[in-house]
Structure formats: C-alpha cells, structure tokens
Enquirer: 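Structure below; questions to follow.
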Amino acid sequence: MKNVVILISGRGSNMEAIVQACQREGWPARIAAVISNKSDASGLAFAARHGIPTAVVPHTQFASREAFDAELARVIDGFAPDLVVLAGFMRILTEGFVRHYEGRLLNIHPSLLPAFPGLHTHRRAIEAGCKLAGATVHFVTPELDHGPIVAQAAVAVLPDDTEDTLADRVLRHEHVIYPQAVRWFVEGQLAIEQGVVRHAAGAAQVRWGG
Ligand code: NHR
Ligand code: GAR
C-alpha cells in the first residue's frame, strides 16, 4: 500500500474526487492525511468525516517561507508519504521542500501548461482570446508550474464565458484527470524520461471535454 498525503487550502473538491476514486476503485493506496495551511479550509471537514487524519500548518505563524516549509515537511513526513498531492494548495513551495519530495510531488494547475503559469488562469485565458482552456497535472519542480506533465484536459472557451463558468467547466475535468493520474502513480505506471512523463502501458494522457 502506498501512503498518499494531500495538501489543500480551501474547498478541496479535487481531494474529494481522489478520496472517492481511491475507495471506489480499490487502489493499492491509502489517503494517509489531508493537511491544510488554512484552518478554515472546508475540505478538512470532508476528510474528517471519511476518517482521514487531518492537520493544519498555518503559514501566517511562520517568519519565513523556509520555516513554514520545514514544519510542513515535518508534519507530512510523520505520515510516511510515498506521494504528496497538491490539490488547490495555494502557497509557493521553496526549492528545499520541492527537492525533498522530488519525483513524488504532484500538482493540478488550472491551465494548459506551459500557458499561464501562476494565478488567475481562467481570466487570463479569456482575456487572451484563447479558444481552448484546461488543466494540467504535473510533477512539481522548483520553478512554478513548470514540472513534467502527467496529464492534460482541454475544454472549449465559449463566447459568453466568465471566469466562473470557465472554471466550473475545467473543474469537472480536473475531477477526472487528477484521480486518474494519482492512480497511475500509485500503480507504478509513470516513468519520467528526459522530463517527459510516459504511461508504461500507453494509456491516453489527454482528455477532451465540452
Ligand atoms: N511550488 C513550486 N515550487 N512549484 C510549483 O509548481 C508549485 C508550488 C506551489 C504550489 C500550485 C500552483 C498552481 O497550480 C503550486 C505549484 C500558489 C501560487 C501563488 O502565487 C502560485 C501557483 C500555485 C499555487 N501563491 C501565493 C504565494 O505567495 C499566495 C496566493 C494566495 O494565498 O492566494 O505563495 O497554480
Ligand atoms: C482547482 O481548480 C485547482 O486547479 C486550482 O484551484 C482549484 C481548487 O479547487 N488550483 C490552483 O489554482 C493552484 N494555484 P478545489 O480546492 O476544490 O480542489
């Protein structure tokens, strides 16, 4: 069994989708903990209801990013993780933290990387007149939103989309590709060769949506 630790900052709907797929599909994994940097993250209640240990490491109580990341890593490592999953986790992580979890740290970013790293991706895609938007699951590297790509989902940007309607359309596909990617990892199906992620059995690493 692989231990998976999930980091959230808020709603945690991607975390929920991962917890539910893990239970429903009987992955060789357990969700060992859900950890938030915000005590009011609503996802913590879902985790507790499902019997998953939770912890809060409030970033506001640390003098530096290094100090926050050191405490976060100490709490995470208490759950002996094989994989750490960022699911709407909103703090940029230091190089030291990322190196500690190299090759076992995943994120989902709400854009078709390498377009629009950083924040406010849906607003920026609409403003740029993009006709496609989407989400990317990637291994985390020290450079923000630049790590090896595990899976992507693409959706249409519609003429009357707002930031919220586009975010909702993308999120529905996040809830499919993120559990899928985590499942591939815990099954040992992912290999990184020269910065490119391949699925051992050739599963499609792309999803097209309406
Ligand atoms: N850290 C590293 N080193 N590399 C990545 O690829 C990371 C990361 C930490 C988080 C998620 C990411 C996203 O998918 C992620 C990827 C937060 C910010 C941000 O600017 C940017 C990207 C992501 C998460 N955070 C502000 C900060 O000062 C705080 C913003 C807030 O609290 O609302 O850390 O988009
Ligand atoms: C998701 O859309 C995720 O891709 C995005 O925030 C949302 C979190 O929703 N992540 C980021 O923007 C990271 N900077 P959730 O908490 O319901 O999973």
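Read the numbers this way: they start at 1 and go in the same order the structure lists the ligands and their atoms. All of these numbers come straight from a predicted model, not from anything done at the bench. Residues: numbered from 1 along the sequence shown.
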Enquirer: Contact between Gly147 and ligand 1, counting heavy atoms under 4.0 Å?
Expert: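 Contact absent.
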Enquirer: Of Lys131, Arg169, Arg123, which meets salt bridge (Lys or Arg N to Asp or Glu O under 4.0 Å) against Asp161?
Expert: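 For Asp161, the salt bridge (Lys or Arg N to Asp or Glu O under 4.0 Å) check succeeds only for Arg169.
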Enquirer: To which protein heavy atom is atom 21 (C) of ligand 1 closest, and what is the distance rounded to 0.1 Å?
Expert: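 Checking every protein heavy atom, the shortest distance to atom 21 (C) of ligand 1 gives Leu119 CD2, 3.6 Å.
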Enquirer: Against heavy atoms of Pro142, which atoms of ligand 1 measure under 4.0 Å?
Expert: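 Once the distances to Pro142 are compared, the set is 3 (N).
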Enquirer: Between CG of Leu112 and CD of Gln152, what distance do you get to the nearest 0.5 Å?
Expert: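 So the CG of Leu112 and the CD of Gln152 are separated by 5.5 Å.
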Enquirer: Taking only heavy atoms of Val140 into account, list the atoms of ligand 1 that are under 4.0 Å away from them.
Expert: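 Numbered from 1, ligand 1 contributes 2 (C), 4 (N), 5 (C), 6 (O).
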Enquirer: Heavy-atom distances under 4.0 Å decide this one: backbone, side chain, both or neither, for Leu171 against ligand 2?
Expert: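 The answer is the side chain.
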Enquirer: Within the 4.5 Å heavy-atom criterion, are Gln205 and Ile149 side-chain neighbours or not?
Expert: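 Sidechains of Ile149 and Gln205: no contact.
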Enquirer: Hey, looking at atom 11 (C) of ligand 2, which of Pro110, Ala17, Gly43 has the closest heavy atom?
Expert: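 Among Pro110, Ala17, Gly43, the closest heavy atom to atom 11 (C) of ligand 2 belongs to Pro110.
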Enquirer: N/O of Met90 under 3.5 Å from N/O of ligand 1, yes or no?
Expert: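 Looking only at distances, the answer is yes, because the N/O contact criterion of under 3.5 Å is met.
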Enquirer: For ligand 2, does Met90 get within less than 4.0 Å through its side chain, its backbone, both, or neither, judged by non-hydrogen atoms?
Expert: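 It is the side chain that gets close, since no backbone atom is under 4.0 Å.
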Enquirer: Which residue and atom name correspond to the protein heavy atom nearest atom 19 (C) of ligand 1, and how close is it?
Expert: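 Answer for atom 19 (C) of ligand 1: Ile92 CG1, 3.6 Å.
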Enquirer: Decide yes or no for Leu171 and Arg11: does some side-chain heavy atom of the first lie under 4.5 Å from some side-chain heavy atom of the second?
Expert: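 Yes, close enough: below the 4.5 Å cut-off.
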Enquirer: One residue to check: His138. Relative to ligand 1, which of side chain, backbone, both or neither has a non-hydrogen atom less than 4.0 Å away?
Expert: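 Just the side chain.
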Enquirer: Tell me: protein heavy atom nearest atom 16 (O) of ligand 2, and distance?
Expert: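 The closest heavy atom on the protein side is Gly12 N, 2.8 Å.
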Enquirer: Under 4.0 Å from a heavy atom of Val98: give me the atoms of ligand 1 that qualify, with their elements.
Expert: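 Those of ligand 1 that fall under 4.0 Å from Val98 are 3 (N).
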Enquirer: Of all the atoms in ligand 1, which lie at a distance below 4.0 Å from a heavy atom belonging to Phe89?
Expert: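 By the 4.0 Å cutoff, the relevant atoms are 11 (C), 24 (C).
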Enquirer: Around atom 8 (C) of ligand 2, find the nearest protein heavy atom and jot down its residue, atom name and distance.
Expert: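 Protein heavy atom at minimum distance: Gly88 CA, 3.7 Å.
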Enquirer: Under a 4.0 angstrom heavy-atom cut-off, which atoms of ligand 2 come close to Glu174?
Expert: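 Answer, ordered by atom number: 1 (C), 2 (O), 3 (C), 4 (O).
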Enquirer: State whether Glu127 and Arg124 are salt-bridged, where the test is any N-O pair (Lys NZ or Arg NE/NH1/NH2 against Asp/Glu carboxylate O) under 4.0 Å.
Expert: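 Between Arg124 and Glu127 there is no salt bridge, as every charged N stays at least 4.0 Å from the carboxylate O atoms.
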Enquirer: Which residue owns the protein heavy atom closest to atom 23 (C) of ligand 1, what's the atom, and how far is it?
Expert: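 I find the closest protein heavy atom is Leu144 CD1, 4.1 Å.
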Enquirer: Any side-chain heavy-atom pair from Leu106 and Phe139 closer than 4.5 angstrom?
Expert: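 Yes - at least one pair of side-chain heavy atoms lies under 4.5 Å apart.
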Enquirer: Tell me, which protein residue and heavy-atom name are nearest atom 10 (C) of ligand 1, and how many Å apart are they?
Expert: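 That would be Arg91 O, 3.5 Å.
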Enquirer: Using 30° and 60° as the class limits, which term best fits the ring planes of His109 and His138: parallel, tilted or perpendicular?
Expert: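 Correct class here is perpendicular.
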Enquirer: Have Asp77 and His100 got a donor and an acceptor in their side chains that come within less than 3.5 Å?
Expert: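 On atom types as modelled, these side chains qualify, holding a pair under 3.5 Å.
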Enquirer: Is it the side chain (CB and beyond), the backbone, both or neither of Ile108 that lies under 4.0 Å from ligand 1, heavy atoms counted?
Expert: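 The answer is the backbone.
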Enquirer: Side-chain contact, heavy-atom cut-off 4.5 Å: Leu72 with Leu93?
Expert: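 Yes; the side chains approach each other to less than 4.5 Å.
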Enquirer: Does the N or O separation between Leu93 and ligand 1 drop below 3.5 Å for any pair?
Expert: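 Checking ligand 1 against Leu93, an N or O pair does fall under 3.5 Å apart.
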Enquirer: With side chains defined as the heavy atoms from C-beta onward, is the minimum distance between Ser111 and Val170 less than 4.5 Å?
Expert: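 In short, these two side chains do not touch, never coming nearer than 4.5 Å.
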Enquirer: So which protein heavy atom does atom 6 (O) of ligand 1 come closest to, and at what separation?
Expert: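 So the nearest neighbour among protein heavy atoms is Asp145 N, 2.7 Å.
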Enquirer: Which ligand 1 atoms does Arg65 reach within 4.0 Å, using its non-hydrogen atoms?
Expert: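 The list of qualifying atoms is 27 (C), 28 (O), 34 (O).
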Enquirer: Just wondering, do Ile192 and Val197 contact through their side chains at under 4.5 Å, heavy atoms?
Expert: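 Contact flag for Val197/Ile192 side chains = yes.
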Enquirer: Ligand 1 versus Ser9, non-hydrogen atoms closer than 4.0 Å: side chain, backbone, both, neither?
Expert: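 None of Ser9 does.
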Enquirer: Of all the atoms in ligand 1, which lie at a distance below 4.0 Å from a heavy atom belonging to Gly118?
Expert: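 Counting from 1, the qualifying ligand atoms are 35 (O).
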Enquirer: Is any side-chain heavy atom of Phe46 closer than 4.5 Å to one of Gln20?
Expert: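 Counting from C-beta outward, Gln20 and Phe46 do come under 4.5 Å.
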Enquirer: Which option out of Asn107, Asp69, Leu113 puts a heavy atom nearest to atom 14 (O) of ligand 1?
Expert: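 The residue whose heavy atom sits nearest atom 14 (O) of ligand 1 is Asn107.
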Enquirer: Heavy atom under 4.0 Å from ligand 1: found in Thr141's side chain, backbone, both, or neither?
Expert: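 It is the backbone that touches ligand 1; the side chain stays farther off.
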Enquirer: In the protein, what heavy atom is nearest to atom 9 (O) of ligand 2, and what distance, to one decimal place, separates them?
Expert: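 Heavy-atom neighbour on the protein nearest atom 9 (O) of ligand 2: Arg11 NH2, 3.0 Å.
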Enquirer: Can you tell if the side chain of Ile76 reaches within under 4.5 Å of the side chain of Tyr101, non-hydrogen atoms only?
Expert: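 Heavy-atom side-chain distance check passes, below 4.5 Å.
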Enquirer: Nearest 0.5 angstrom please: Leu86 CG to Arg91 CZ, how far?
Expert: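 Spacing of CG (Leu86) from CZ (Arg91) equals 13.0 Å.
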Enquirer: If you look at every heavy atom in Pro114 and Pro117, which pair is closest and at what distance?
Expert: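 Heavy atoms only, the tightest pair is O-CD, 3.6 Å.
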Enquirer: To check your reading of the model: name the closest protein heavy atom to atom 13 (C) of ligand 1, its residue, and the distance in Å.
Expert: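 Here the closest protein heavy atom is His109 ND1, 3.2 Å.
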Enquirer: Which residue and atom name correspond to the protein heavy atom nearest atom 15 (P) of ligand 2, and how close is it?
Expert: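 Result: Ser13 N, 3.4 Å.
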Enquirer: Can you list the steps and then say if Ile177 with Thr136 is a side chain to side chain contact (heavy atoms under 4.5 Å, CB included)?
Expert: CA-CA 8 Å; Ile177 65 169; Thr136 303; over 6 Å; no
